[in-house]
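Quick notes on the structure that follows.
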Amino acid sequence: MTRSELLQQLQTVFDSVFLEDVAVTPELSAEDVDEWDSVTHVTLIVGIEQQFGFRFGLGEVARARNVGQLLEVIERHLA
Amino acid sequence: MPPGMSDDRRQTPDPQRLKDLLEQADDAFWPQLTAACRHSDSFLELLQLDKLSRLGQRSHPSPPSLPGARVALVGGCTFSPLDRLLRTRLLGHGLRAELVLGDFDNHVRELLDPGSAIYGADPEIIVLVPSRRLGHFPGSLAADPEQVRSAALETVSQLVALAGAVADHSAATLLVSNWPLPWERDPGAFRSRSPASDWSYRKLLNQELGLRLPAAARIVDAEFISARMGTAAADDPQGWLESRQPGSIGLQVELATEIARLIARGRSASKKVLALDLDNTLWGGIIGDDGLDGIELGDTTARGEAFKDFQRYVKSLKDRGVLLAVCSKNSDEIAREPFERHPEMVLELDDVVAFQANWEPKPVNLRRIAEQLNLGIDSIVFVDDNPAEIEIVRQMAPEVTAVLLPEDPGRLVATLRERDDFEPAVLTSEDAARTEQYRQEARRRQLEAATPDLDAYLESLQMVIEIHPFRDLDLPRITQLINKVNQFNLTTVRRTAAEVRQIADSSDHVALTSRLSDKFGDHGLTSVVILEIDGAGARVDTWLMSCRVLQRQVEDEMLNEMISRLRRRGVTRLAGEYRPTAKNALVADLFPGLGFQTSEQTPERSTYDLEIAPYIPRTTRISRP
C-alpha cells in the first residue's frame, strides 16, 4: 500500500470518528483537532484497527498523538 | 446465520448515500438514517451513522423532534466507543440519546451517593456494567464449593444493594450487565467440575444475579450474547489492558444493540396477541382443498411432526399469557373443523380468544381482533407463510408486527423462537390467567348483543368490586398497569416500581386499586387511581383502567370511593386532568360525564373541578363483597 493510499484510508477513519472536517496529513497532530482527546483517541485507534484489519501491540500507540507516528506503526504492521 | 433469522430485513442505505441525502436536504434522510442505525453491524459504519446523525441535527432543515432518552452508563470499564454505538442504536429505535458517563470503576460511589453527578443528570435509565475482575474467583481451583458459592453471592449482593440504592435515589430503571462467558481452554475438562473455574463461576454469578436482582431492574444478558456470538470473539484481553474495554468490538456492538432494545421495549406497547394463519402454518396443506384427512399434521411424518411441534410451541406461548387469535382466509366452518375433529391438533378452540376466518382482507380482520379484545392493534404479532399477506398487513396495518414464516416447516419453530416479541417484563400469575379472562370478555360481548337493556345486562353480570389502598403484594401488577395501559388512562404518567412504592407509603397520596369479578370469573386487579392531596384540595394524578372492564360502571364505583375517602380527610375539592395522547380519546369526556366542571381547556390538557360537599354517590349495578 502506498503512502497516499494509506493516508486515504486513514482519512476514512478520521471522517468517521471526528465531527469536524479534518484533512489527514503526516503532520497532523492531536493539538490540531479539538475533539482528539484521550477518549476519542481510543475510538480512533479501534477504528484504525478495524479499517486495516490488524491489532496494535500493547502500548504501541497509546501516546502516538500525530499522524506521522501512527503511519510508521501502521506501515510496520502492514509490511 | 441461525435458522429463521431476519428474513424481513430490508435493504439499508450505506453512509455515502446518506451523506448525499443530507447534502441535498432530502426528506428521506432521517427515515433512511434510522433504518441504517437499526440494521448496520459494522463498527466503522455505526460510527459514521452516529456522525451523520449529529451533522443532521445541525444542518438538515427538518430534524425530526425525536423523543429523548437520558441514559447513564456506569461501571468498571471504559464507555468509549460503546457510547457512540449505543447512541446509534437508540436512534435506530427513533430515540435521541442523551448520555451521561460515569467514571471508570467509580459506580459504587456514584450509585450510593444521592448527590452524585449521575443522579444529578436525572437519567431515565442507568446501565451498570460490573468489572470483569469480579467474574473471576480469587481463590484456588480446588476451593470448597460452599466457599466459592459464598464469594459469588457476595458479589451479587453488592449489585443487588446498588439496585436498591438506585431505587431509593432516583426514578431510573436500572439495567445490569452480567458476565460474558470465558473462552480459555484452561483448566480443560475440569472446568465444569469445579465451581471455581472461570467457566463455572461466571455461570454461577449470572444465575444468582438473574434470580436475585429486583424485578424492576433488567439484565443485559452478556452471557447469552457472548455464547451466541462465540466466547472467543466476544473477549478482548488486550483491549482491557490497553483502555479497559468491556469486551471485543463485536461484543460492544451487540451490547449496544441489546441495551437499546431494552430501552425501546420499555417505552413501547407490549405485544400481547399472536394472530395465526391456518393453512401451511398450523398444518401442512389447505384444509378447504385437502380436507381433514389430507392435511399434514401429526407425528407419523417429519413434516406433520414439524407442524405439530409448531402448535406445541404456540400453546406454550399461550400458557405464559400470550393471547392466541386466528386470522385466516377460509370459511368459518371449515376453518374450525380441524380444531374440532382432527386427532393430532394440539391447539383447541378454547385456546383461541378471537377467531376470524372469512374472506375479507387480513388487515381488516386484524383490526377486528384488536377491537374484539379491546386491545391496541399494535399489540398484535401476525404470522403467515404467504408473503403477499405479510405485505398487505405491513402496508395497511403497519402497527402490527408481521412475521413471514418459512416455506419449510422444519424452520417454523425456529423462526418464531428467534424473535423476542413476547419477552415478559415480570411474569405475574395474572398474565397466565389472561386467556381465560379475555375469553370471558368475548362471551360477555355476545351476551351484550343479546340483551339490549344495558341496565338489565349489568345486573345480570352479578358484579362484585373490591377497592383497596395499594398493597405490597399488588405492587408488581400496579406497576405493570401504570406502564402498559394506554386507552383508559387520563394522564398516562408512567412510573417505576420504586416510584409506585413511594406513593404506596406516602401520606400525601390516596392510592387505590380495584378488582372486579362477575358470574363469568375474576378480572383481577384492573383499575388504579392515585390522588395527590394538598390541604383542602386534591388532584387526580393517575386514573387508569384495563379495557377488560370497560363500560361496567367501575369508574363510578372508583369515584364514589375516592370522594368518601377524601371527605374523611377533610378535602373539599377534587381537581381532574385529561392529557390527550394518540390512544386515550376514550376518556376525553370522562370527567364532565361524571359531573366535574370544566375549568381550562387547551390542546395539551383539560382540567376539571368537583365540589365534594354536594356530591351524591353514583348508583351502579356493582355490589361490594
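Residue numbering restarts at 1 for every chain, and letters A, B, ... go by the order of the sequence lines.
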Exercise for review: Could you tell me which portion of A:Val42 (side chain, backbone, both or neither) has an atom closer than 4.5 angstrom to a non-hydrogen atom of chain B?
Suggested key: side chain
Check your understanding: So how far is it from B:Leu55 CG to A:Asp21 CG, rounded to the nearest 0.5 Å?
Key -> 8.0 Å
Review point. More than 12 foreign heavy atoms under 6.0 Å from CZ of B:Arg17: is that the case here?
Key: no
**Study point:** Residue list, side chain to side chain donor-acceptor pair (under 3.5 Å) with B:Glu110, at least two apart or on another chain
**Key:** none
Check your understanding: Distance-only, no hydrogens or angles: does the B:Arg84 side chain make a donor-acceptor pair with backbone N or O of A:Thr43 under 3.5 Å?
Key -> no
Practice item. With a 4.5 angstrom heavy-atom cut-off, could you sort out which part of B:Ile249 is near chain A: side chain, backbone, both or neither? Key: side chain
Exercise for review: Would you mind reporting whether A:Arg55 and B:Asp236 have side-chain heavy atoms less than 4.5 Å apart?
Suggested key: yes
Check your understanding: Does CD in A:Gln8 sit with more than 12 non-hydrogen atoms of other residues, nucleotides or ligands closer than 6.0 Å?
Key -> no
Check your understanding: What's the spacing between A:Leu19 CG and B:Lys51 NZ if we round to 0.5 Å?
Key -> 6.5 Å
**Study point:** Nearest-0.5 Å distance, OG1 of residue A:Thr12 to CD of residue B:Gln48
**Key:** 7.5 Å
Point to revise | Side chain A:Gln50, main chain B:Phe43, donor-acceptor under 3.5 Å | key: no
Practice item. Can you measure from CD (B:Glu242) to CD1 (A:Ile45) and round to the nearest 0.5 angstrom? Key: 8.0 Å
